[in-house]
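A short write-up of the structure that comes next.
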Amino acid sequence: MTTAVLPGSFDPVTYGHLSIIKRASRLFDSVDVVIAVNPDKKYLFSAEERISMMEILVKDYRNVIVHTCDYLIVDYARKTGAKVLLRGIRNINDFAYEFDLSLMNHSLNSEVDTLFIPTEQRYVIVKSSSIKELAQFGGDLSGMVPPIVADALHRKYTSGN
């Protein structure tokens, strides 16, 4: 059985993320969506909020399981026996960053390979930081995030967090 690991902060979950998850679910027996929990990073959504949204959004995929991780993703892969890390890329800048990261991850755990999945063209401009900025100003997020995420973003910014 081949398990792939798709790590990320998913802060917030976007249609681009969900597209990668859907495609990965067709390619692998099992996909672990691993939500990063880094105490040194400031997230808009708590780990619990990100888990809850992701679980709702992937509930129709029987081979996708949501986890959290507060340590190196290569150690998560070693612990679970996964041999593949998946990374979505939008452009050459993403590729350069992810390529360097894949080299470091492979040096830390040579049993793990990174596979890149290019985004669908319609999601090339979908970026979490831009989505948050747009949400702060009450912008239309409908083409970038699912309704539950858009609602959560608007609540965050209208309530002052």
Side-chain angles (χ1 to χ4, degrees), residues 2-38 41-69 73 76-77 82-103 105 112-158 161:
T2 306
T3 298
V5 176
L6 178 62
S9 61
F10 305 104
D11 187 43
V13 181
T14 70
Y15 280 133
H17 295 135
L18 295 173
S19 171
I20 299 293
I21 292 167
K22 178 180 182 179
R23 292 160 63 200
S25 75
R26 294 187 305 227
L27 296 170
F28 296 93
D29 298 320
S30 177
V31 178
D32 286 2
V33 174
V34 180
I35 297 174
V37 179
N38 180 344
K41 188 171 178 185
K42 186 175 184 331
Y43 299 104
L44 178 63
F45 292 103
S46 70
E48 294 77 19
E49 290 170 315
R50 291 179 285 144
I51 293 163
S52 176
M53 283 188 277
M54 185 64 82
E55 285 177 339
I56 290 167
L57 294 166
V58 301
K59 71 181 183 320
D60 292 335
Y61 301 110
R62 288 183 280 150
N63 64 335
V64 175
I65 302 166
V66 179
H67 300 273
T68 59
C69 181
I73 198 64
Y76 175 92
K83 303 292 184 206
V84 176
L85 294 179
L86 298 176
R87 299 301 294 171
I89 54 173
R90 292 174 303 229
N91 54 40
I92 194 70
N93 295 331
D94 281 358
F95 178 78
Y97 172 80
E98 295 294 346
F99 182 78
D100 289 348
L101 191 57
S102 75
L103 294 175
N105 284 336
V112 174
D113 287 303
T114 301
L115 299 181
F116 303 114
I117 301 180
T119 192
E120 292 180 61
Q121 185 176 0
R122 61 185 164 164
Y123 301 127
V124 166
I125 63 165
V126 175
K127 186 175 177 182
S128 294
S129 58
S130 300
I131 290 168
K132 289 183 232 181
E133 186 174 346
L134 187 58
Q136 281 183 298
F137 294 102
D140 178 14
L141 304 173
S142 60
M144 299 178 210
V145 297
I148 66 165
V149 176
D151 291 344
L153 281 161
H154 287 303
R155 279 194 309 275
K156 283 280 185 188
Y157 289 115
T158 57
N161 262 6

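Since the structure is predicted, the reported quantities are computational estimates derived from the model, not experimental observations. Below, each value reflects all heavy atoms present in this structure, side chains not excepted, and no hydrogens, waters or symmetry copies.
Closest non-hydrogen pair, A82 versus T3, comes out as CB-O, 3.7 Å. Looking at every heavy atom in both residues, P118 comes nearest to I20 through O-CD1, 4.1 Å. Contact record, M54 with I35: CB-CD1, 4.0 Å, taken as the closest heavy-atom pair.
Applying the side-chain hydrogen bond (donor to acceptor under 3.5 Å, both in side chains) test to E120 and every residue at least two apart in sequence or in another chain returns S19, R122. Scanning for side-chain contact (heavy atoms from CB on, under 4.5 Å) contacts around N38 gives D40, K41, Y43, with sequence neighbours left out. Partners of K127 by salt bridge (Lys or Arg N to Asp or Glu O under 4.0 Å), not counting sequence neighbours: none found. The side-chain hydrogen bond (donor to acceptor under 3.5 Å, both in side chains) test applied to D32 returns Y76, not counting sequence neighbours. For E55, the salt bridge (Lys or Arg N to Asp or Glu O under 4.0 Å) test picks out no residue, with sequence neighbours left out. The salt bridge (Lys or Arg N to Asp or Glu O under 4.0 Å) check on E133 picks up nothing, with sequence neighbours excluded. Under the side-chain hydrogen bond (donor to acceptor under 3.5 Å, both in side chains) criterion, R23 pairs with no residue, sequence neighbours left out. With sequence neighbours left out, the side-chain contact (heavy atoms from CB on, under 4.5 Å) criterion links K59 to no other residue. Shown here are the side-chain contact (heavy atoms from CB on, under 4.5 Å) partners of V112, two or more places apart in sequence or in another chain: A77, L85, N109.
Panel note: side chain K132, backbone D11; a donor-acceptor pair is recorded below 3.5 Å. Using modelled atom types, one side-chain atom of D29 and one backbone atom of T2 make a donor-acceptor pair closer than 3.5 Å.
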- Show your reasoning for whether side chain to side chain contact (heavy atoms under 4.5 Å, CB included) applies to R62 and S25. CA-CA 9 Å; R62 288 183 280 150; S25 75; over 6 Å; no

- Message: Using the rule given for side chain to side chain contact (heavy atoms under 4.5 Å, CB included), can you reason through V64 versus L6, listing the C-alpha separation, both sets of side-chain angles and the distance that settles it, and then say yes or no?
- Response: CA-CA 10 Å; V64 175; L6 178 62; over 6 Å; no

Compile the donor-acceptor pairs under 3.5 Å between side chains in residues 89-101 and protein atoms, sequence neighbours left out, one pair per line.
residue	atom	partner	partner atom	Å
R90	NE	D94	OD2	3.1
R90	NH1	V126	O	3.2
R90	NH2	D94	OD1	3.1
R90	NH2	D94	OD2	3.4
N91	OD1	N93	N	3.0
N91	OD1	D94	N	2.8
D94	OD2	R90	N	2.9
E98	OE1	R87	NE	2.8
E98	OE2	R87	NE	3.3
E98	OE2	R87	NH2	2.8

Can you give me every donor-acceptor pair (side chain of residues 138-146, partner residue at least two apart or in another chain, under 3.5 Å) with its distance?
residue	atom	partner	partner atom	Å
D140	OD1	S142	N	3.0
D140	OD1	S142	OG	2.8
D140	OD2	S142	OG	3.3

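Residue pairs meeting the ring-ring contact (aromatic ring centres under 6.0 Å, His included) criterion with at least one partner in residues 6-31, sequence neighbours excluded, are F10-H17.
Other residues, nucleotides and ligands place no more than 12 heavy atoms under 6.0 Å from the CD1 atom of I125.
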